[in-house]
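Read the numbers this way: they start at 1 and go in the same order the structure lists the ligands and their atoms. One-based numbering along the sequence shown.
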Amino acid sequence: MKIVFGGTFDPVHIGHLRMANLLAEYFSVEEVAMMPCYMAVHKQGVGASSECRLNMLSLALENDRLLSLDRRECLRGKASYTVDSLYELRRELGDESLCLAMGTDAANGLPSWYRADEFSGLTHLVIMSRSSLQSGERKMLTEKLELLGFSQATTLKELKTTAVGKFIYIDLPRLDISSTYIRKRIKQGLSIRYPVTDAVSAYICDNALYQN
Ligand code: ATP
Ligand code: MG
C-alpha cells in the first residue's frame with residue numbers, strides 16, 4: 001500500500017508534517033510520500049515557485065524517516081496534473097493499493113480537478129475529516145465522491161485488499177495552522193517560529209519569500 005499526501009505546500013508547515021506522520025502510523029506503512037503540485041509561473045501570485053516549495057519540503061523532511069518527497073509534478077514542468085502522476089504511480093505499483101490523502105477542503109474541490117472522473121480507476125482516497133463535521137456537510141462530500149465513481153469503505157482492510165476506487169473518512173487531529181496563516185504573518189512582519197520548522201523559517205527569510 002502506498003500513501004501519497006498531495007498539496008501546494010506553500011509553505012509546508014507542521015500541520016502537514018504532523019498529519020503525514022499520523023497517516024503513516026494509522027496505516028502502519030513505512031513511508032508517506034509528500035507530492036507538491038506544480039504551479040504555473042503565471043499562477044504563482046503571492047506564492048513561492050515550485051523550486052522554492054520543493055526546497056522547503058526537502059529541508060522539512062530532512063530528519064523525518066517516515067516522510068519522503070515525490071518531486072514528479074514540479075519536475076515535469078508546464079501543465080503538470082495530478083491525473084498524470086496517478087497514471088505513473090499506477091504503472092509503478094502494478095496492482096498494489098494506492099491512497100491519495102487529503103483534507104475535506106481539498107476533497108470538496110476535487111470535482112473541478114483536471115480529469116477528476118478518471119481518479120477512481122487509479123487510486124483510493126483517504127479523507128482526513130473530523131467526525132464532528134456536520135453530517136450534512138459529510139453527506140454532500142460523499143455524494144460528490146460517489147459521482148466521481150468512488151464507493152465508501154468503512155474498514156482499512158478494504159483499502160489494503162483492493163487497489164483503487166474507494167474512499168474512507170479518517171478522523172485524525174488537525175493542528176489549526178494553514179499556509180495562508182503563515183504567509184499572512186510574514187507579510188505583517190510577525191514571527192513564524194514553531195508553525196514551520198527552523199530550517200524552513202531560515203529558508204523563507206534568506207530568500208525573502210512571501211513578503212508581498
Ligand atoms: P493554504 O492555506 O494555502 O490553502 P494549506 O495549509 O491548506 O494552505 P495546502 O497545501 O493547501 O495547505 O494543503 C495540502 C493538504 O494538506 C490538503 O489536503 C489539506 O487539507 C491538508 N492540510 C492543510 N492544513 C492542514 C493541517 N493543519 N493539518 C492537516 N492537514 C492539513
Ligand atoms: Mg489549502
Backbone of [Y] reached by a side-chain donor or acceptor of [X] within 3.5 Å:
X	Y	value
Arg90	Gly94	yes
Glu158	Thr155	yes
Thr161	Lys157	yes
Arg53	Cys37	yes

Distance-only polar pair, side chains of [X] and [Y], donor-acceptor under 3.5 Å:
X	Y	answer
Glu118	Tyr87	yes
Ser201	Tyr194	no
Asp176	Tyr181	no
Glu31	Ser68	yes

Is there a polar contact between ligand 1 and [X], counting only N or O atoms under 3.5 Å apart?
X	answer
Gly103	yes
Ile177	yes
Ser179	yes
Phe9	yes
Met128	no
Asp176	no

Please state which part of [X] comes within less than 4.0 Å of ligand 1, counting heavy atoms only: side chain, backbone, both or neither.
X	result
Met19	side chain
Asp105	side chain
Tyr181	neither

Quick check on contacts: which atoms of ligand 1 are under 4.0 angstrom from a heavy atom of [X]?
X	value
Ala106	18 (O)
Gly7	10 (O), 14 (C)
Gly6	14 (C), 15 (C)
Ser178	2 (O), 6 (O)
Met102	18 (O)
Thr180	1 (P), 2 (O), 3 (O)
Arg183	3 (O)
Leu175	26 (C), 27 (N)

Worksheet item: Hey, is Asp105 close enough to Arg174 for a salt bridge, meaning N to O under 4.0 Å?
Response: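 A salt bridge is present here (some side-chain N lies under 4.0 Å from a carboxylate O).
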
Nearest-contact summary for [atom] - protein heavy atom, Å:
atom	answer
atom 12 (O) of ligand 1	His16 NE2, 2.9 Å
atom 21 (C) of ligand 1	Phe5 CZ, 3.9 Å
atom 11 (O) of ligand 1	Thr8 OG1, 4.3 Å
atom 26 (C) of ligand 1	Arg174 CG, 3.6 Å

Item to complete: Among Ser50, Ser58, Pro36, find the residue that satisfies the side chain to side chain contact (heavy atoms under 4.5 Å, CB included) test when tested with Arg71.
Response: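 Going through Ser50, Ser58, Pro36 one by one, the side chain to side chain contact (heavy atoms under 4.5 Å, CB included) with Arg71 is satisfied by Ser58 alone.
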
Worksheet item: Is the distance between the ring centroids of His16 and Phe9 under 6.0 Å?
Response: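 For His16 and Phe9, the ring centres are under 6.0 Å apart.
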
Discussion item. Once rounded to the nearest 0.5 Å, what's the spacing between atom CG of Leu147 and atom CG of Leu110?
Written reply: 11.5 Å

Fill in: Cation-pi geometry met for Arg115 and Tyr81 (6.0 Å, 45°)
no

Worksheet item: With a 4.5 Å heavy-atom cut-off, do Val126 and Phe167 have their side chains touching?
Response: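 They are not in side-chain contact.
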
Any atom of ligand 1 sitting under 4.0 Å from a heavy atom of [X]?
X	answer
Asp10	no
Ala107	no
Arg18	no

